[in-house]
Amino acid sequence: MKRIAAGLAAVSLIAVQLSAAVPAQDYAKYTPEALEKELAQIGVSRLGVMVPMRDGVGLSTDIYTPKDAKGPLPTILWKTPYNEHKLRGSTFRYVLESVKRGYVFIVQNERGRYFSQGKWEILGRPQTDGYDTLSWIAKQPWSNGKVGTLGCSSSAEWQLALAGMNHPAHAAMVPMSAGAGIGKVGRFQEQGNWYTGGVPRNLFFVWLYGVDNPLRAELPASLTDEKMRARIEAYNDLDASKPKVDWNKQIKHLPVDQLLSDLGEPPATFEQFIDRTPADPGWRQGGLYHEDMGWGVPALWFNTWYDVSIGPNLELFNAARAATTDKEASANQYAVVAPEPHCQYARLGPNTIVGERDMGDTSFDVDGAIYGWFDRWLKGDAKAFPTSTPRVRYYLMGANRWQTASQWPPKDAQPLRLYLRSGGHANSLNGDGRLAAEAPPATEAADRYRYDPMNPVQTIGGGDCCNGGIVVPGAFDQRPIEARGDVLVYTSDPLPKPIDVVGFVDAVLKVSSSAKDTDFAVKLVDVAPDGTAWIIGDTILRARYRDGFDKPALMAPGQVYTLHPTPIATAIQFGAGHRIRVEVTSSNFPKFVRNLNTGGPNESEKTGVVADNAVHHAGDDRSYIELPVIR
């Protein structure tokens, strides 16, 4: 997945001595040449060091050490599947800051990427390669035996399974937007974000096209001379340049399992994963973290509300706190949640716009928190990150301010149930759907709509990333899709006073269909007084998995079933005069793969059928949402 977008502007060379704590956005003022000059002044670089793994594979590793350093030093490890041999963006920024602060900073490529040997696998074998790298670092004469792991997205996701190993040198970690490293935890079984509610996400198909490269070039294993490897690295990058793809067109290709082979790609990871179900035992064989693996490392978690998997991220934060395998580690879990898309922490500051919505002043000292955390655990400076620091710091959207809590959700959050009500015609923004605290009578009619997989409901915003531009994440107005007759729209009355919804939002749907299988998508929306309908979060569930991912079952026509989609995690203040809205439909494309409604092997099929779907309200078949409200 993508690196943090800190960006380095192409401006004239400015020969400056950067201060000891330069804000992330200020690094954009300097050219790569200026940053390289600065690094040469303060640090010593060793490039292309081959760190041996237990199976003999060598991982290409670049080591940046402070000049004139005395005594053994703590280390920060940044492991990546991306091309970081030519330092750029956030990686360069963290190298400079870390070296200035007295840390050795290591950038290592996963096996099978660029100058590392071996065959690439998603997450890079964290329980073996990650463990062996920590052991190697701890044995070096310049190491004090304490290593902190740092990174966002792919550079964070591999850390999770490693944390379950409780390596003695793994003193602390800062996983940022790490959800794609989570297999199953609590109520979420997304298998590295491959699914939500058993529905595959298209983003990984696009991402794999860019990252997976079974035809890659590599240096011969016999080339062991470190200086020669560093020299080759200086003027080669082994970075394959694949043909550009119009993903807005290609993502519609059917069958789904030929999406990449249709482009001429050889079989690789995509073909290995696409036929798996959410409960396939193959998900246990890779580098994903699962909740039964224990937890052994103090962690400072950074997450964002418009990320791919904010729900699993917060569920894992809670699981790490509750783990009993290492009491000190569980007692030292802290979380920060910002109002941004995936890995966009460098954007926090005054006048923040997320999607199209003004989030106000989101300023947060991200680097100060990170280095305070590492100073505490890697240097033994207890004052750098005091125990009085709030366990959870989250941005309350709508109110546009930072809040703190001792746990997640905050302990004073209480459920508020709102029922989906209508006169049987909740179709579109112009229908009669409403959200109400009063339960419907036994005679209330169901809402019905027709879902055609060849005409799916378009994704507009929300949480997503890394998808070739097919979805722009963030807060966007949903009215263009709420105008459709196949979208059920339920809206509350205007609120007389603000309501803070902070925690996990649960939906319970009573549904039926003419099809053997179909999807039900739910969206939470904040409606401003001027009618703008801001997306807050969404979820989806494939009906065949209503009784569990290990118990798929088809639907009988017309029979009513109960669906419990995975929760939506958020912190939003619905202001006075605002209205709370819930949308229900059967597609959210191109974020999620369309259900073709046949009940068959969806990803290998080309032809869909139309489904007549219904959401029920009456008697025992009441549909509702529960909002965690801070009263």
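Along the sequence shown, residues are numbered consecutively beginning with 1.
- With sequence neighbours excluded, no residue forms a side-chain hydrogen bond (donor to acceptor under 3.5 Å, both in side chains) with R113.
- Scanning for ring-ring contact (aromatic ring centres under 6.0 Å, His included) contacts around F270 gives F205, with sequence neighbours left out.
- The salt bridge (charged side-chain N to carboxylate O under 4.0 Å, His left out) search around D486 returns R484, not counting sequence neighbours.
- The salt bridge (charged side-chain N to carboxylate O under 4.0 Å, His left out) check on R434 picks up nothing, with sequence neighbours excluded.
- Applying the side chain to side chain donor-acceptor pair (under 3.5 Å) test to every pair with at least one member in residues 271-282, sequence neighbours left out, gives no pairs at all.
- The stretch residues 260-269 participates, sequence neighbours left out, in these salt bridge (charged side-chain N to carboxylate O under 4.0 Å, His left out) pairs: K242-E265.
- With sequence neighbours excluded, the residues that form a ring-ring contact (aromatic ring centres under 6.0 Å, His included) with F549 are Y545.
- In this structure F115 satisfies the ring-ring contact (aromatic ring centres under 6.0 Å, His included) test together with H85, sequence neighbours excluded.
- Residue pairs satisfying the salt bridge (charged side-chain N to carboxylate O under 4.0 Å, His left out) criterion with at least one member in residues 451-460, sequence neighbours excluded, are absent.
- Sulfur-to-sulfur, C343 and C152 sit under 2.5 Å apart at their SG atoms.
- Side-chain atoms of R201 and F592, non-hydrogen and from C-beta on, do get closer than 4.5 Å to each other.
- Contacts of Y131 classified as ring-ring contact (aromatic ring centres under 6.0 Å, His included), with partners at least two apart in sequence or in another chain: H167.
- Listed by chain and residue number, nothing satisfies the salt bridge (charged side-chain N to carboxylate O under 4.0 Å, His left out) test with D506 (two or more places apart in sequence, or in another chain).
- Partners of V57 by side-chain contact (heavy atoms from CB on, under 4.5 Å), not counting sequence neighbours, listed by chain and number: D55, L59, R111, Q117.
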